[in-house]
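Only one structure is covered here, and it is reproduced in the block below.
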Amino acid sequence: MKNKIIQILHTELADLFTIDNLRKVLETPPNDEMGDFALPCFSLAKQLRKSPKLIAEDLADKFKEIKEFSKVEAVSGYLNIFLDNDWIIKQVLEQSLSKTYGQGHTSTKTVLEYCSPNTNKPLHLGHLRNMAIGESTARILQHGGHDVIKTCIFNDRGVHICKSMLSYQDFGKGQEPEEIAMKSDHFVGDYYVKFAQEAKKNANYEAKALEMLEKWEAGNQEVVALWEKMNKWAFSGFNETFKLFGTSFDKEYYESKIFKNGKEIILDGLEKGIFKKRQDGAIIADLEKDGLGEKVLLRSNGTSVYIVQDIYLAYLKNQDFSYDKSIYVVGNEQEYHFTVLKRILQMLGASYADGIQHLSYGMVELPEGKMKSREGTVVDADDLIMNTAQLAKEEILKRYENMETSEVDKRSLAISLAAIKYQLLKTETSKNMIFNPKEAIRFEGDTGPYLLYSYARASSILRKADIALNTNPWPANASEMKLIKKISKFPEVLNDSIHKLIPSMLANFAYELCQTFNHFFHECPVLKSDYTAQRLALVTSFRNTIGIVLNLLGIDKLEEM
RNA sequence: GCGCCGCUAGCUCAGCUGGAUAGAGCAACGCCCUUCUAAGGCGUGGGUCAGGGGUUCGAAUCCCUUGCGGCGUGCCA
């Protein structure tokens, strides 16, 4: 809708503004009494040698006769535009009743990497934020028209993996997770914790883990068999959590399969003079002029450091998918790493380097500070989901004493996930956030369940309606118009969210949309009204829009709650 | 040391490329269920937008500076 307004304005103002300029300056006034859109005229004052006040007044005259505008006002340097209600209603209902509302078109192919866990411990709260952002970003880009390939790199080898293996070997007594009915990745994780405890007492324990890594790299049968066994436990546990959480990957990469690759790329770069061999024999990328220092790529003993694997993986992904964009959902602590990665690929002249983008998100911290696995302050992903579901269950039983168990379970899980996902998504994506597990997850106010509840309320009305909806404009009141206008903002918000790659913007919009709906719900009876058919259209439009938004956030809807 | 990021109500956060009186939720207090779901709605109180300079017609937003906090700066991953 904003686009149409811009077009109308541009036909009269072509000598003052380009379309892009108008898009930039045209804003929404702080409240409805000031109009639907406002054009600040201050920037024109110098150019036209007139006061902003006079300019606004002149412009107001120009747009008097536009049929889409019901009123145009000059107020202290602003040109305030009031749209014709009937026109807005028609515009919005025309678009927002469709499943494709807000959908964009582009031929961009985008590879998205997220989650990427180590296989020595189960997924925790940090992974949950990563997955919430990753899954949601994938869906948002898809709705924007991107062809999205979701990928995950499993860090399934290395000293840290050997640590849990070593302590299992020493203390596990051959026990299997099934024997004690434990989720298998948790079982593995417990031995990782056990390792840390042991390493405190035993100074040689770290060295023993390194020894084991050497054996693994040499292909020692016993060690490899242990590695396979424990990784299988880790993966089987991860898969349960992925399923529970509602995420999946189109392509999985494994560090163990690629960690040796990439050396050729570096050596080739050395030959071409892109990289340098230092006095001590290490091969480095000189990034001094970018203010990034010297980055070692191959150690003096010829082995590669971690970033080489990422260089190779970027190359491999391009081989596999020949992408336009490659987005990495990784915490902000790795900003340096991804800046360096992109820069090095650019130095190598890789065609795919410019498409690389780090979606840097903020860390999840506890009120006491950072989560530390060694101190047992890590909030486990499965535990959090199930504990929150338990709380939701209690809330449900307060309301419906005799509900069938299967239905209670279904709803409580949906509510739990909505609560968790929304909480992790709503804070500005790049910002660190504090998560207080003791306060648990709330179900009231600015929360996921509030969104579900709003959707369910709309569904409930529509279930009870026995007449067809009518999309013809009607004399809509203030709360109806507010809702219609809020619905009309969805495409703009989605666009912003895509271009800035910030899913939190959409989460915040979801809340505002529901707030507006709940206000309408309270003010305007639908089924007992002179405009039932029209209000049904509005409720349908809301339900469809919030339905799309919830889906983009990765949140499953409930028809009843 | 150097670099990046953050600081908005008691708490958790919006406020997006500078715009009109700075907004929510939670917590506190008060009101609204014989009317479509009260996991809801309405209201009251609560602010030196960390401090100080500057740019501008206009600054929570941009620049400088101080303070506090976080992260990074490995031949770790």
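Residue numbers start from 1 in every chain, and the chains themselves are labelled A, B, ... in the order their sequence lines are given, proteins ahead of strands. Quantities reported herein were computed from a predicted structural model and do not represent experimental measurements.
The CD-C1' distance, from Gln515(A) to rG25(B), rounds to 9 Å in whole Å. Rounded to whole Å, atom P of rU37(B) lies 10 Å from atom CD of Glu560(A).
The gap from the P atom of rA50(B) to that of rU61(B) amounts to 8 Å, rounded to the nearest Å. Straight-line distance between the C1' atoms of rG45(B) and rA9(B): roughly 11 Å, to the nearest whole Å.
Within the 4.0 angstrom heavy-atom criterion, base atoms lie near Phe443(A). Cys524(A) comes within 4.0 angstrom of a nucleotide base, judged by non-hydrogen atoms across all strands. When heavy atoms are screened at a 4.0 angstrom cut-off, Gln309(A) is found touching no nucleic acid atom at all.
Side-chain rings of His127(A) and His124(A) approach one another, their centers coming within less than 6.0 Å.
By the 6.0 Å and 45° rule, Arg411(A) stacks over the aromatic ring of Tyr400(A). For the pair Arg457(A) and Phe517(A), the cation-pi criterion (under 6.0 Å, within 45° of the ring axis) is not fulfilled.
When the nucleotides rG19(B), rG72(B), rA77(B) are ranked by their closest atom to the side chain of Glu333(A), rG72(B) comes out on top. Residue His519(A) places its side chain closer to rG41(B) than to any other of rA39(B), rA20(B), rG41(B).
The residue among Glu559(A) and Gly291(A) whose nearest nucleotide of RNA chain B is located toward the 5' end is Gly291(A).
Checking rC7(B) for Watson-Crick or G-U wobble geometry (two distances, each under 3.5 Å) identifies rG67(B) as its partner.
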